[in-house]
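One structure below.
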Amino acid sequence: MFLDAAESAGTNPFLPGGTVSPAPAPAANLPTPPLVARTGQGEAAYSGTTPGLYGGTQNASTCNNDQIIAYLETNPDPAALWAGVLGIQPAAIRSYLTGLTPVVLRTSTRVTSYGLGRGRAIPSQVVLQAGTSVLVEASGLPRVRCGSGNPLAQPRAASPSSPRPRYRGTPWPGFSPATVIVIAPTTPIGAIIIVDLGRGVVIIRQPGTLNRDAVIAVLPALLRPGDPVLITGRQFPPGTPVIIVYDVPNVTLGIVNSDGAGTVSTSVVVPGESSPGLHLVTAEGGGARNVLPIYVLPPGA
């Protein structure tokens, strides 16, 4: 299994001399990325739509899409191999790549990377370092490594007879097999919820777009209509009625009095007619206001 550092060209790069701007240095106090140490049952697996799994920069790409497209459109033989890995026709390469979403890995992630060698696409089991820029599909599954242009697929299942992989390459500072994850396919939810690496805010990014990023302060919970939501708030005047309001539909979910310390904690329910996407639940009273973002899943997700 190869270790591919974020600043390296990668294993058997498809794109000669591919370059990508380094990801921003993570700001202090970023939300912690999802991570569970291995328990002997293989790497921890996460849905690609897990909030905070990826990072990025608001309204800006961290990938060299145009460079990859230009190379493949002028080199038909590598293009045919590249497209074959991803199950598309070479003529569809441009539309496919522009429909993917640029993000930055926040954890060391194992994938199958297809490099170019000896006139064929060569699959390798690779661990990509946190800080590596990739393109993901609507489900959050990594499909292309930026820089090298290598197409990506889910990793091969670990062999029961070889639970401990042998690594090739120089481990980066802080590397540990116990913190390597895999990303599992899932139903798209209509957004990739990432952390702005430079500012620490949370970005709601529509798949395949960059100029419509919505920004919120904290990672939202993924919920469905009818699910309970725990509302907590503070800095209300003691004993003040606090009204809890949902944005769309604009309905009051409940009224609760703050306690002697000026805090509230109560459970309300996501309205059954709530549409999929980002919503805000506001707790307001006595001149104080607390806002909780939530993300309502589409049916079937």
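These numbers come from a predicted model, not from an experiment.
Closest of all the heavy-atom pairs between Ile183 and Leu141 is O-CD1, 3.4 Å. Shown here for Pro220 and Val202, the closest heavy-atom pair between the two residues is CD-CG1, 4.3 Å. The shortest heavy-atom contact between Asn65 and Cys63 is OD1-CB, 3.2 Å. Here the closest heavy-atom approach between residue Ser139 and residue Thr186 is recorded as CB-O, 3.1 Å. Between Val296 and Ser274, the shortest heavy-atom distance links the atoms CG2-OG, 3.6 Å. For the pair Ser124 and Asn12, the tightest heavy-atom approach, listed with the atom from each and the gap, is OG-ND2, 4.5 Å.
Listed by chain and number, the residues in a side-chain hydrogen bond (donor to acceptor under 3.5 Å, both in side chains) with Asn75 amount to none (sequence neighbours excluded).
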- Test side-chain contact (heavy atoms from CB on, under 4.5 Å) on Val270 and Ile294 and set out the steps. CA-CA 9 Å; Val270 178; Ile294 65 171; 3.9 Å; yes

- Given Leu15 and Asn64, is the side-chain contact (heavy atoms from CB on, under 4.5 Å) satisfied, shown in steps? CA-CA 11 Å; Leu15 179 62; Asn64 56 331; 3.7 Å; yes

- Please lay out, stage by stage, how Asp196 and Val215 fare under the test side-chain contact (heavy atoms from CB on, under 4.5 Å). CA-CA 9 Å; Asp196 188 300; Val215 176; over 6 Å; no

- Could you check Leu135 against Cys146 for side-chain contact (heavy atoms from CB on, under 4.5 Å), going step by step and ending with a plain yes or no? CA-CA 7 Å; Leu135 293 170; Cys146 303; 4.0 Å; yes

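Counting non-hydrogen atoms of other residues, nucleotides and ligands closer than 6.0 Å to CD of Glu73 gives a total above 12. Within 6.0 Å of CG on Leu280 lie more than 12 heavy atoms contributed by other residues, nucleotides or ligands.
Rounded to the nearest 0.5 Å, atoms CG (Leu53) and CD1 (Ile194) are 11.0 Å apart. Put simply, CG on Asp247 and OG on Ser275 are 8.0 Å apart, with the number rounded to the nearest 0.5 Å. One finds the OG1 atom of Thr232 at 7.5 Å from the CG atom of Asn290 (value rounded to the nearest 0.5 Å). To the nearest 0.5 Å, atom CD1 of residue Ile203 and atom OG1 of residue Thr57 are 7.0 Å apart. Taken to the nearest 0.5 Å, the CG atom of Asp259 stands 13.0 Å off from the CZ atom of Arg234. Arg199 contributes atom CZ, which lies 4.5 Å from atom CD of Gln58 (distance to the nearest 0.5 angstrom).
Residues Ile189 and Pro298 have side chains in contact (heavy-atom distance under 4.5 Å, counting atoms from C-beta outward). Counting only heavy atoms from C-beta outward, the side chains of Ile122 and Leu116 never approach each other to under 4.5 Å. Gln129 is listed as a side-chain neighbour of Glu7, based on a closest heavy-atom distance under 4.5 Å. A heavy-atom distance below 4.5 Å is found between the side chains of Ile193 and Tyr295. Side-chain contact between Leu3 and Trp172 is present, with heavy atoms from C-beta onward closer than 4.5 Å. Considering only heavy atoms from C-beta on, Leu128 comes within 4.5 Å of Val111 through its side chain. Val269 places none of its side-chain heavy atoms less than 4.5 Å from the side chain of Leu253. Residues Leu86 and Arg143 are in side-chain contact: their nearest non-hydrogen atoms beyond the backbone lie under 4.5 Å apart.
Close placement of the His279 and Tyr246 rings is indicated, their centers lying within 6.0 Å of each other.
For Asp213 (side chain) and Asn59 (main-chain N/O), a donor-acceptor pair under 3.5 Å exists by modelled atom type. Looking only at distances, no side-chain donor or acceptor of Thr263 sits under 3.5 Å from a matching main-chain atom of Ala261. With hydrogens and angles disregarded, no donor-acceptor distance shorter than 3.5 Å links the side chain of Thr252 to the backbone of Val245. Between the Thr240 side chain and the Phe236 main chain, no donor and acceptor come within less than 3.5 Å of each other. Between the Asn150 side chain and the Gly10 main chain, no donor and acceptor come within less than 3.5 Å of each other. Checked by atom type and distance alone, the side chain of Ser258 pairs as donor or acceptor with a backbone atom of Pro237 at under 3.5 Å.
Linking Ile, Leu, Val, Met, Phe, Trp and Tyr residues whenever their side-chain heavy atoms come within less than 4.5 Å places Leu97 and Tyr71 in a single cluster. Using a 4.5 Å cut-off between side-chain heavy atoms of Ile, Leu, Val, Met, Phe, Trp and Tyr, with links allowed through other members, Ile69 and Trp82 fall into the same hydrophobic cluster. Residues Leu223 and Val281 fall within the same hydrophobic cluster, defined by Ile, Leu, Val, Met, Phe, Trp and Tyr side chains chained together at heavy-atom separations under 4.5 Å. Val182 and Leu105 are not part of a single hydrophobic cluster, where members link through side-chain heavy atoms under 4.5 Å apart. The hydrophobic cluster containing Val229 does not contain Leu222, counting ILVMFWY residues as joined when their side-chain heavy atoms lie under 4.5 angstrom apart, directly or transitively.
For the residue pair Ser8/Asp4, the side-chain donor-acceptor check at 3.5 Å is not satisfied. Glu284 and Thr282 share no side-chain donor-acceptor pair at under 3.5 Å.
Checked options Gln154, Arg156, Gln125; the residue passing with Thr112 is Gln125 (criterion: side chain to side chain donor-acceptor pair (under 3.5 Å)).
The aromatic rings of Phe175 and Tyr167 stand perpendicular to each other, their planes meeting at an angle above 60°, with 30° marking the opposite boundary.
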